[in-house]
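These notes concern the structure reproduced below.
Lettering follows sequence order; numbering is per chain, from 1.
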Amino acid sequence: MTAGMNEKEMAQRAAAEIRDGSSVNLGIGMPTLVLDCIPPDRTVFFHTENGLLGMGGFAPQGSAHPDLVDAGKQPVTSIRGASFFPSDLSFAMLRGGHIDLAIMGAYQVSEKGDLANWTAPGMLPSVGGAMDIAAGVQRIIVLMSHTTKDGKPKIVRELSYPPTGFACVSLIITDLCVIEVTPAGLLLRELAAGVSAADVIKTTGAGLIVPEKP
Amino acid sequence: MTAGMNEKEMAQRAAAEIRDGSSVNLGIGMPTLVLDCIPPDRTVFFHTENGLLGMGGFAPQGSAHPDLVDAGKQPVTSIRGASFFPSDLSFAMLRGGHIDLAIMGAYQVSEKGDLANWTAPGMLPSVGGAMDIAAGVQRIIVLMSHTTKDGKPKIVRELSYPPTGFACVSLIITDLCVIEVTPAGLLLRELAAGVSAADVIKTTGAGLIVPEKP
Amino acid sequence: MIDKSYRSSLDAIRDVRDGAVIMFGGFGLAGIPQNLIRALYEKGTRDITVISNNPGSRLGDNEYGLAPLFQAGRVKKYIGSYPTATRSFKALHEAGKVELELVPQGTLAERIRAKGAGIGGFYVRTGAGTLLAQGKEARTIDGRQYILEMPLGADFAFVKAYRGDTFGNLVYRYTGANFNPAMAMAADITIAEVEELVEPGMIDPDAVQTPGIFVQRILKGERYDRWYE
Amino acid sequence: MIDKSYRSSLDAIRDVRDGAVIMFGGFGLAGIPQNLIRALYEKGTRDITVISNNPGSRLGDNEYGLAPLFQAGRVKKYIGSYPTATRSFKALHEAGKVELELVPQGTLAERIRAKGAGIGGFYVRTGAGTLLAQGKEARTIDGRQYILEMPLGADFAFVKAYRGDTFGNLVYRYTGANFNPAMAMAADITIAEVEELVEPGMIDPDAVQTPGIFVQRILKGERYDRWYE
C-alpha cells in the first residue's frame, strides 16, 4: 500500500467540504472527479462558467449534445431545476461573489493563500476563467499533488509562478494532507493514512503550523 | 382657422421622419401621438424603456394587462415580432446607440442642440430615462410648442433650465415650424401653414438661418 | 432537498430590521412585489432606505405600491429616478422628512447590475455635465465626457416574478421584469414573490431568467391586485 | 415588411473586407457560427482580427471551428482567453505570425457587453496585480485593488442561435448561448446564423434572448456538424 490519498480519495475529501444547497464551480481535470462524490441526499448546484448552473455529470454515450458542455468542453447533463445563461451573466455570478465554492488545481499556493494556476514561465499562456474565479468566488479549495513530478514543493513561501490571484485560497487538499490557510499561517489539519507530519514538513516549501494532534 | 400645426399635425410631421424598420423611443405626453401616425406598410419598432421593443399601441378596453405598460405606465399592446426584456438591457439599447430615434418633449432647446426637458428651477426633480436617452440615442427629435404658455421662447441661445444633455437634438418640430440643428446653427426648414418666417424669428430666442425658400 | 419557499410574505420578511436598505422591483405598478410591500407595511419596519424606480404610483386621488410606506413615515431615504410619481413623496420631501438621491433610470439599473456582477464602478455619458454629475468623477474617453458611477447594493431585494420554483429560479412576463432581474443579483438577501410557485424541473432550464442562485427566499403571493393607470 | 434574412452564409458576409475585426460566438465548439466561419474561409478574407474565447478546438489530431482560418494564415491578431486550445495557434504565435491579446474569460464577456451597453470602461478585481494587469490603470475601491477595463467592439459579430425570426430576434439553447448574446450587441454589423429561421410572431416575446434590434442580418445555417470533444 502506498501512503497518501489517490485522486479519487482527494476528490472525496473535497466533496466533504460541500454543503447541501451550495453552488460549486469545478476546475477542469482532477476537480471534475468531485462530481461523482456527492451523496444523493445532498443538492449541489455545480456551476460551469460557460453557462450552466445545475450540471449533472458527464453525458452518457449517445445522449451527448454538442451544445451542452462543461468548461472542459465535455458533454454533460443538467439536473432538475438547472438553468442556462450567457457568459456575461455566468461571470457576473463568479465575480459578484454568488458562487459559494470553487475547487481548482494549482501549480503553486503560497502561505498567504496566493494562487498560481494559469500559466508557467516560458509557456504560451491561457487564462480562461481562472482569474475571474480567483477574484470573485467566496471560498477556494485547491486540489493538487503535494509536490511536482520531480519532488519540488508546490506549497511555497512566495509564488515563483505567475499569480492568478492573491490571498484567495482557503483550503489545500493534497495526496499527503489537508492544509488550511489561516491569518496566522498554514495550518496542517489532517494527514492522509500512512503520512507523518514530518513527511509533510519535508515536502512543503513554507512554514506549517502543526497542532499536537493534527 | 388658427395658423400653425395642432398636436396631431405635429405628430404626423414627426412620423414622416421615421424610416421603415427603424427603432423609435417615444417620450411620454405628446410624442405618444406618433404611435397612430405610422402608415400600415411601414414596420416601426417602438421601444419603451421599461422593457418592450415592438410596442403596438394603447391597449383596447378590456385587453389591458397591468404588467404590460409603456414608459408612461399606460397599458399597451405588442406587435408580432416584439420582445420583452429587463431595464438593464433596455438601457443598454439606449445608451449603446442601438435605438435609431427618440421623439421627446422639451422645456428648452439651445442653438447648439442642448436639451432641457427633465426639470425646471424650483421643481422637485424627476429624471426617469431622459438623460440616458439624451446621451445614447442616435438622433433626437424634439416635439414641443414653439413658446411657453406666456409666450416666452423655448428655442434659446443658451439654456436657462437645467440641461438633460448636450448637442443631442437634431430636429425641432413646433406648432410653427420645423428647425434643423446644424453645425452652422439653427436652420429653418419648414413653416406651418399660415406662419411666416417673421413670426418664427419673433418668437425664437436664438439666431435662425432662414433660407430664401424655407 | 433544498427548498427556499416560505409560507407567507410576512414569514419571508420576518428578519427585516429597522434601518434596512431595501430594493423593490417594479416600474409604476408593473412587476411590483405587492405582497411583500403589504407585509412590510403590516410589520411596521421603520427608517427604511427604499431603492426603486418610483416611490409608488398615483391613480386619480389614490396612491398605491410603495406609497403607503412613505405616507406612514417609514422611509428615511429614497433612491430612484422618478420621485414625482406620487404627491405623498413630494409633500414629505418638502417637509424635510425624506432624503432623495436622484439617479437616471438607466444608471440606476446599471449600478444595481454592477453590484450584482462584481463591477467596482463604471463610466457612462448619461448625465455628464448636468446637475446629476455633481460630486462625481468626470473623465474624457475618446474625446467624450463620461462620469464614474458606483455599484448600488442593498440588504434585501424584494422582487416579483410571474413564475418561480422552490430552488428560486424565476421567469418574468411582459414588462413585469424591469428592475427585478438586476435587483435579484444585488442584495444580500433576495426575496421573490411569484404568481405561480412550482417544483424544480417544471421550468425549462433555457427559459429561466433569474437563476436560483440569486434568490434566497421565494413565496407564492397571497393576492394580486390589478391596477390600471 | 422588414426582412433581415439572407439566402446563404456567403451572401451574408459578402462585404467583410480584409483587415476586419470580427467577433465569433462560441465556447469550444458549442454555439459557434460554423457556417459563417466556413463561408469566411471560402471567401479568403485576410488580416482578420479574431475576437473569440478560443481560436478553434482540437479533437485528437484534427482542429475545428476557427482553427482553419488560423492555419491558412488569415488571422493577424487574436483576442481571447484560451489560445492554447489549438496547436496551430501555438505554432503560429511562436513563429511570430499572429499577435495575441490575452483577456480573462469573464473580463472578455464584460468588455464586450460594455461596448454594447454604452459603458465607457469599468473596474474589476479580476487580474489585479497579475501579469494581465500590465499597462492597465489600477484603483483602490473600498480597500481592494481593481483595474480599469475598456469596452471591446468589432466591425462584425458572427453569432449562432438555435432559433431566430426574420426581424433578428434570437433564442439560444443549452450552453450554446455563451458569448453570442453579448457579441450580438457589440458590433457594427451582427450576422446571426440559426438552425431554425421562422416568421416574426413565431417566437414568444418573453422568450426572446437577443432582441432583433441587435441583429442586422440573419440566415439559416446550411449545415450543422456535430463534434464531440
Side-chain angles (χ1 to χ4, degrees), chain A residues 28 48-53 55 59 61-62 64-78 82 84-97 114-116 118-119 121 123-136 159 161-168, chain D residues 25 27-32 53-54 57 59 80-85 89-90 93-94 100 102-110 112-114 116 124-132 144-146 160 162 172-183 185 209-210 224-229:
Chain A
I28 58 186
T48 175
E49 59 262 35
N50 53 314
L52 165 57
L53 183 72
M55 180 167 61
Q61 203 70 21
H65 191 287
D67 280 346
L68 210 180
V69 299
D70 71 357
K73 285 112 181 178
Q74 299 301 311
V76 293
T77 61
S78 62
F84 295 108
F85 35 81
S87 302
D88 46 323
L89 185 59
S90 188
F91 281 90
M93 291 180 186
L94 287 165
R95 218 177 23 230
D114 298 344
L115 171 68
W118 70 287
T119 195
M123 261 175 76
L124 169 67
S126 265
V127 63
M131 286 189 184
D132 307 280
I133 292 168
L159 300 179
Y161 278 57
T164 308
F166 302 93
C168 57
Chain D
F27 178 90
L29 295 167
I32 61 167
N53 187 64
N54 42 293
S57 287
L59 301 180
S81 89
Y82 215 75
T84 54
F89 181 86
K90 192 166 185 290
H93 187 256
E94 279 169 2
L100 167 64
L102 189 64
V103 185
Q105 194 176 155
T107 297
L108 182 66
E110 192 68 14
I112 294 166
R113 178 195 177 272
V124 286
R125 298 208 300 119
T126 305
T130 74
L131 286 177
L132 298 189
R144 303 175 105 171
Q145 276 293 109
Y146 287 77
K160 152 74 167 51
Y162 172 59
Y172 306 94
R173 200 166 58 160
Y174 311 144
T175 57
N178 54 68
F179 287 87
N180 287 296
M183 288 179 173
M185 298 166 65
Q209 286 164 286
T210 291
Y224 284 97
D225 289 346
R226 298 189 155 215
W227 304 278
Y228 299 95
E229 293 187 47

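No side-chain heavy atom of D/I112 sits under 4.5 Å from any side-chain heavy atom of A/D88. Contact of the A/P66 side chain with the D/W227 side chain is not registered, since no non-hydrogen atoms from C-beta on lie closer than 4.5 Å. Residues A/F166 and D/T130 have side chains in contact (heavy-atom distance under 4.5 Å, counting atoms from C-beta outward). No side-chain heavy atom of A/K73 sits less than 4.5 Å from a side-chain heavy atom of D/L29.
The closest donor-acceptor contact from the side chain of D/T175 to the backbone of A/V69 lies under 3.5 Å. Between the side chain of A/D67 and the backbone N or O of D/G31 there is at least one donor-acceptor pair closer than 3.5 Å.
Scanning all heavy atoms of the two residues, the minimum distance from D/G127 to A/M131 falls at CA-SD, 3.6 Å. Minimum heavy-atom separation, A/D70 to D/F27: O-CE2, 3.7 Å. When every heavy atom of A/P162 is checked against every heavy atom of D/L131, the shortest pair comes out as CB-CD1, 3.7 Å.
Rounding to the nearest 0.5 Å places CD of D/Q105 at 7.5 Å from CG of A/N50. Atom CG of D/N180 is separated from atom OG of A/S87 by 8.5 Å, given to the nearest 0.5 angstrom.
Between chain D and the options A/A59, A/A135, A/A134, heavy-atom pairs under 4.5 Å are most frequent for A/A135. Ranked by heavy-atom pairs under 4.5 Å with chain A, the list D/A85, D/P104, D/G80, D/G106 is led by D/G106. Each of D/P83, D/P181, D/A109 has some count of heavy-atom pairs under 4.5 Å with chain A, and the biggest count is that of D/P83. Counting heavy-atom pairs under 4.5 Å between each of D/E110, D/H93, D/R144 and chain A puts D/E110 at the top. Here A/A71 is the residue among A/A71, A/S90, A/A82 with the most heavy-atom pairs under 4.5 Å with chain D. Ranked by heavy-atom pairs shorter than 4.5 Å toward chain D, the options A/G51, A/A92, A/P86, A/G129 are led by A/P86.
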Please walk me through it: do D/R125 and A/D132 pass salt bridge (Lys or Arg N to Asp or Glu O under 4.0 Å)? CA-CA 8 Å; D/R125 298 208 300 119; A/D132 307 280; over 6 Å; no
Side chain to side chain contact (heavy atoms under 4.5 Å, CB included) between A/W118 and D/L102, intermediate numbers included: CA-CA 12 Å; A/W118 70 287; D/L102 189 64; 3.5 Å; yes
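The part of A/T164 that comes within reach of chain D is its backbone (N, CA, C, O), which places non-hydrogen atoms under 4.5 angstrom from that chain. No part of A/L94 comes within reach of chain D, as not one of its non-hydrogen atoms sits under 4.5 angstrom from that chain. Using a 4.5 Å cut-off between heavy atoms, D/L100 contacts chain A through its side chain alone, with no backbone atom that close. Residue contact with chain A, scored on non-hydrogen atoms closer than 4.5 Å, involves the backbone of D/V103 exclusively. Heavy-atom distances place both the backbone and the side chain of A/A64 under 4.5 Å from chain D.
In the displayed structure, A/F85 atom CZ is contacted under 6.0 Å by more than 12 heavy atoms of other residues, nucleotides or ligands.
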